[in-house]
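Structure record follows, encoded as structure tokens.
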Amino acid sequence: MIHELNGLGMDVLNSRESHAFGLLGHLTGMDVVRKTSFHVRVLLSYVSPALPRLFALTGARISTRIENEFPQSEEWALVKPSKGIVHCIGEAIALALFGAEMTAGNPELVNLTHEHTDNVCFAMRCVPQYLQPLLVWLLPAKWRLISGWRKLRGYVVPRVLQLKESNRNTDNKDSSESNPDVISWMVKDGRNEMERDPDVLTTLVGSIAAGSTYSITNFCCRVITDMVAHPDVLDAVCTEIREKNAQIHGQWDMASLASLEKLESAMKESSRLTPGTLLVYSRVVKKDHVLSNGLSLKKGQFVTVSSSMRTEDPAIFEDPQQYKGLRFCDDGRTGENRAQPFSSIDTNTLTWGAGRWSCPGRLITDMSAKILLVKLLHEYEFAFVSGQPLPISAMHEFLFFHPENQMLARLRKGISKITFI
Ligand code: HEM
């Protein structure tokens with residue numbers, strides 16, 4: 001029914017209301033997404049097309065952070081992949097949200113970008129809704145969240161005012177001149193009072209931060225652990241990276257990353273088997289509607305789809321329960337893989353949802369995940385502690401890689417470092 005549901009107007013189905021409900025917007029301060037899609041417009045119309053301009057700096061920031069977070073020795077050492085990777089991804093997201101100037105040498109702002117998610121008061125989902133506004137104050141996470149919002153506002157509000165002032169002075173209407181980051185574009189493109197309000201902009205930036213850093217981190221951790229559990233796939237992907245690296249003399253641009261079909265296939269396979277959430281395509285019904293098969297949707301109902309309905313359908317995926325990292329590029333499927341890259345909307349997997357509410361962060365994810373994975377897989381070796389694969393953790397419908405999970409990592413012997421240009 002996805003195609004038909006995609007065709008329904010916003011007056012019938014609404015996705016943002018279900019996100020706000022599911023992620024406790026009324027308790028976390030992120031409820032403003034019910035009223036505006038400004039952040040989505042900015043991500044889709046301005047930031048995603050400008051990603052080539054952020055590429056080299058994103059690569060440099062992630063690379064520096066990898067060197068700080070992962071061992072610099074050829075001896076095996078214990079690491080917590082989620083904790084290391086979230087710092088690297090935090091660098092990429094902070095850069096896209098706040099720009100190069102604000103984030104340079106500003107670890108507090110970069111940390112805020114991922115710490116925000118730690119403080120979403122998930123425990124309240126187990127409490128009746130009428131008690132939530134009272135009981136939430138008993139959670140330390142609520143107090144940390146308030147402090148996080150205060151710090152974020154302390155960064156965003158002055159920056160918004162400064163950008164407004166500088167835009168006024170230079171009368172700079174040419175968007176290509178502006179910094180390719182979310183705040184700069186928001187200030188430039190705000191069309192009404194709400195879209196120009198610095199507090200609203202803070203909330204939108206915070207909501208993007210909360211929804212993005214751990215999604216990418218969990219995904220990257222899963223791609224790595226799936227490959228470590230399947231050494232043949234790991235070997236094929238690392239050989240592909242090594243060969244490309246030799247061909248381009250270690251100087252990676254966006255086109256070289258996009259040419260890695262084995263890596264791309266492994267990314268798709270991990271997201272097929274371990275999506276971020278078991279429930280995808282969640283919508284709230286805003287007005288009664290009868291679908292073409294006679295099913296009646298009633299105002300106030302929730303619509304959602306089990307992610308495994310199609311990802312585990314043997315008519316679509318052969319041996320659907322099995323991890324086959326190269327399934328998307330095997331047996332002449334390379335052309336298909338190219339036509340349907342990881343970042344595209346795929347109604348078989350619904351990794352990014354579908355239709356007008358699909359994920360506007362998919363190109364940012366694709367770029368930062370590939371930078372991180374190529375650098376880590378090329379320069380490091382990973383292994384499970386005592387050979388024990390790591391389980392997938394779940395909290396309600398959300399699947400994640402536990403932040404305390406440990407693995408072994410070491411620098412590869414005699415490997416040359418790679419650079420992003
Ligand atoms: C592995 C990483 C990610 C995954 C798997 C993912 C997945 C999703 C999914 C499934 C949806 C709901 C789509 C629907 O219901 O049709 C969504 C929405 C959204 N995502 Fe992502 N996402 C990821 C990363 C990001 C990033 C990096 C950003 C921002 C930089 C982002 C921003 C958003 C926003 C703002 C929405 C709400 C869209 C709306 O309300 O119209 N996501 N994402």
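Indexing begins at 1, ligand by ligand and atom by atom, following the structure's order. Numbering of residues begins at 1 and proceeds along the displayed sequence.
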Of all the atoms in ligand 1, which lie at a distance below 4.0 Å from a heavy atom belonging to Val40?
-> 38 (C), 39 (C), 41 (O)
Protein contact of atom 13 (C) of ligand 1 - nearest heavy atom, named by residue and atom, plus distance | Trp357 O, 3.3 Å
Taking atom types as modelled, is there a side-chain donor on Arg362 or Thr351 under 3.5 Å from an acceptor on the other?
-> no
Among all protein non-hydrogen atoms, which one is nearest to atom 16 (O) of ligand 1, and what is the separation to 0.1 Å?
-> Arg283 NH2, 2.8 Å
Hey, does the side chain of Arg196 reach the backbone of Gly190 with a donor-acceptor pair shorter than 3.5 angstrom?
-> yes
min-distance protein heavy atom vs atom 4 (C) of ligand 1 -> Trp352 CZ3, 3.5 Å
Protein heavy atom at shortest distance from atom 24 (C) of ligand 1 | Thr365 OG1, 3.2 Å
Does the N or O separation between Ile364 and ligand 1 drop below 3.5 Å for any pair?
-> no
Of the protein's non-hydrogen atoms, which lies at the shortest distance from atom 12 (C) of ligand 1, and what is that distance?
-> His19 CE1, 3.9 Å
Ligand 1 to Ile208, heavy atom cutoff 4.0 Å, flagged ligand atoms 29 (C), 30 (C)
If you have a sec, work out which protein heavy atom is nearest atom 28 (C) of ligand 1 and how many Å separate them, to one decimal?
-> Gly361 CA, 3.5 Å
Check: Thr351 N/O within less than 3.5 Å of ligand 1 N/O = no
If we only count N/O pairs under 3.5 Å, is Arg16 in contact with ligand 1?
-> yes
Polar side-chain atom of Ser256 near backbone of Trp252 as donor-acceptor pair, under 3.5 Å | no
Among Lys286, His289, Lys287, whose side-chain hydrogen bond (donor to acceptor under 3.5 Å, both in side chains) with Asp11 holds?
-> Lys287
His396 and Arg125: side chain donor to acceptor below 3.5 Å | yes
Parallel, tilted or perpendicular, as decided by the 30° and 60° cut-offs, for the rings of Phe302 and Phe21 = tilted
Atom 8 (C) of ligand 1: closest protein heavy atom, distance to 0.1 Å, is Cys359 CB, 3.5 Å
closest protein heavy atom to atom 35 (C) of ligand 1 is Pro360 CG, 3.6 Å
Parallel, tilted or perpendicular: which fits the ring planes of Tyr46 and Trp185, with parallel below 30° and perpendicular above 60°?
-> parallel
Proximity winner for atom 1 (C) of ligand 1, if only heavy atoms of Ser215, Gly276, Ser282, Pro275 are counted = Ser215
Measure the distances from the heavy atoms of Arg362 to every atom of ligand 1 and state whether one is below 4.0 angstrom.
-> no
Ring-face cation contact, Tyr155 with Arg159, 6.0 Å cut, 45° max | no
